[in-house]
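Input: a single structure, listed below in structure tokens.
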Amino acid sequence: MLIRVFAIALLAASVVPTARAAEVKREALYDVVTDFNGDGTPDRAVLVLVGPGMAPDTSDLAKDRYGLAENERVDLAIYMGAANVPLDITKPPTFIKENVVDQSRYYTWALPLAINAAGSLMVSASVRWGSSHEEDETLTLQFVKAAAPRIIGYDYTAAVRDGEVGCSIDLLKGVAQHEAEDGTKKKSRVPAKLIPLANWKQPIWPQVCN
């Protein structure tokens with residue numbers, strides 16, 4: 001009996017460090033405040049870093065980007081009507097999109113959230129940020145009253161030797177505008193169908209912009 005109790009104690013001692021090592025931590029990276037749905041009450045969107053244990057980025061460039069480490073992901077949390085109180089990411093958000101910046105799609109840099117001239121939320125990610133081969137992706141979100149956010153625009157740009165190439169898709173108008181390496185621009189029609197943020201999985205530019 002004594003041997004068995006000792007064995008159980010050893011097993012428990014070995015499990016505790018493993019559980020602690022696997023602990024998932026959450027940290028707010030970037031947030032913006034505005035009235036997304038036009039109801040007169042400010043809302044807040046937050047990029048939340050999720051991972052097994054993050055070391056703070058103290059570089060001068062931390063305000064401009066965050067590079068994901070192994071096993072990290074970035075979620076988008078949206079708090080409607082909650083911008084008048086201090087940010088608290090322990091509270092359940094109104095809407096959440098996990099893996100909005102997901103390394104499995106090769107994007108390894110999260111960029112600060114932004115608001116465009118129309119008041120829409122813009123969520124951007126990058127690969128090879130700051131290099132001559134940088135590629136960027138931006139989602140533009142629309143909020144209508146209490147409805148879940150929908151993607152109304154998608155932009156993709158890639159740095160090339162003499163500038164950049166890219167594609168801008170307007171899902172409200174059903175138009176995609178392409179820009180080639182030589183600066184040539186062309187337009188094409190796409191389905192004018194908004195994408196619920198919850199359904200966003202893969203980049204759509206390869207199917208539309210090539």
Side-chain angles (χ1 to χ4, degrees), residues 30-48 73-83 93-107 109-127 129 134-160 163-210:
Y30 307 108
D31 72 297
V32 293
V33 171
T34 192
D35 183 4
F36 291 127
N37 57 3
D39 66 354
T41 304
D43 313 300
R44 187 191 302 271
V46 189
L47 286 184
V48 180
R73 74 169 194 264
V74 174
D75 297 346
L76 173 64
I78 299 167
Y79 296 86
M80 303 303 291
T94 312
F95 306 107
I96 188 166
K97 175 59 178 176
E98 295 184 350
N99 287 337
V100 73
V101 180
D102 182 2
Q103 291 192 76
S104 69
R105 287 170 44 215
Y106 77 75
Y107 288 102
W109 298 90
L111 306 183
L113 295 168
I115 306 296
N116 67 11
S120 298
L121 176 65
M122 302 177 71
V123 183
S124 299
S126 178
V127 61
W129 183 88
E134 179 178 343
E135 297 176 51
D136 299 314
E137 170 190 271
T138 298
L139 303 179
T140 302
L141 306 183
Q142 178 194 65
F143 298 76
V144 179
K145 296 183 179 179
R150 300 178 297 177
I151 297 171
I152 61 172
Y154 176 87
D155 291 272
Y156 168 81
T157 59
V160 292
E164 66 179 27
V165 297
C167 182
S168 181
I169 302 170
D170 186 331
L171 295 172
L172 285 171
K173 297 179 180 179
V175 174
Q177 181 165 298
H178 318 250
E179 183 170 359
E181 188 171 354
D182 62 0
T184 303
K185 295 182 180 181
K186 67 174 183 177
K187 290 184 178 181
S188 62
R189 300 296 301 178
V190 298
K193 184 178 180 180
L194 307 187
I195 304 172
L197 177 62
N199 295 350
W200 178 255
K201 293 182 179 179
Q202 296 292 335
I204 58 177
W205 70 267
Q207 293 79 24
V208 175
C209 299
N210 288 339

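Just so you know, these numbers use all the heavy atoms, side chains as well, and skip hydrogens, waters and symmetry mates.
Considering all non-hydrogen atoms of both residues, Pro191 and Leu171 come closest at O-CD2, 4.0 Å. The minimum heavy-atom distance between Ile78 and Pro93, with the atom names listed, is O-CB, 3.5 Å. Counting all heavy atoms, side chain and backbone alike, Lys173 lies closest to Asp170 at N-OD1, 3.0 Å.
Residues Arg150 and Phe143 have side chains not in contact (no heavy-atom distance under 4.5 Å, counting atoms from C-beta outward). Residues Thr34 and Phe36 have side chains in contact (heavy-atom distance under 4.5 Å, counting atoms from C-beta outward). Within the 4.5 Å cutoff, the side chain of Val165 has no heavy atoms near those of the Glu179 side chain. Looking at heavy atoms from C-beta onward, Thr41 lies out of side-chain contact with Asp35 at the 4.5 angstrom threshold. Contact check for Leu113 versus Leu76: side-chain heavy atoms found under the 4.5 Å cut-off. A heavy-atom distance below 4.5 Å is not found between the side chains of Ile96 and Val48. Taking the side chain as every heavy atom from C-beta outward, Trp200 and Ile195 approach each other to under 4.5 Å. Annotation: side chain of Val100 is in contact with side chain of Leu47 (closest heavy-atom distance under 4.5 Å).
Lys145 pairs by the side chain to side chain contact (heavy atoms under 4.5 Å, CB included) definition with nothing, not counting sequence neighbours.
Checked by atom type and distance alone, the side chain of Thr94 never pairs as donor or acceptor with a backbone atom of Tyr79 at under 3.5 Å.
Atom CG of Leu139 sits about 11.0 Å away from atom CD1 of Ile152, to the nearest 0.5 Å. To the nearest 0.5 Å, the span separating OG1 on Thr157 from CD on Glu134 amounts to 7.0 Å.
The residue from Leu172, Val144, Ile151 that alone fulfils the side chain to side chain contact (heavy atoms under 4.5 Å, CB included) condition with Leu194 is Leu172.
Listed by first and then second residue, the salt bridge (charged side-chain N to carboxylate O under 4.0 Å, His left out) pairs that reach into residues 36-48 are Asp31-Arg44, sequence neighbours excluded.
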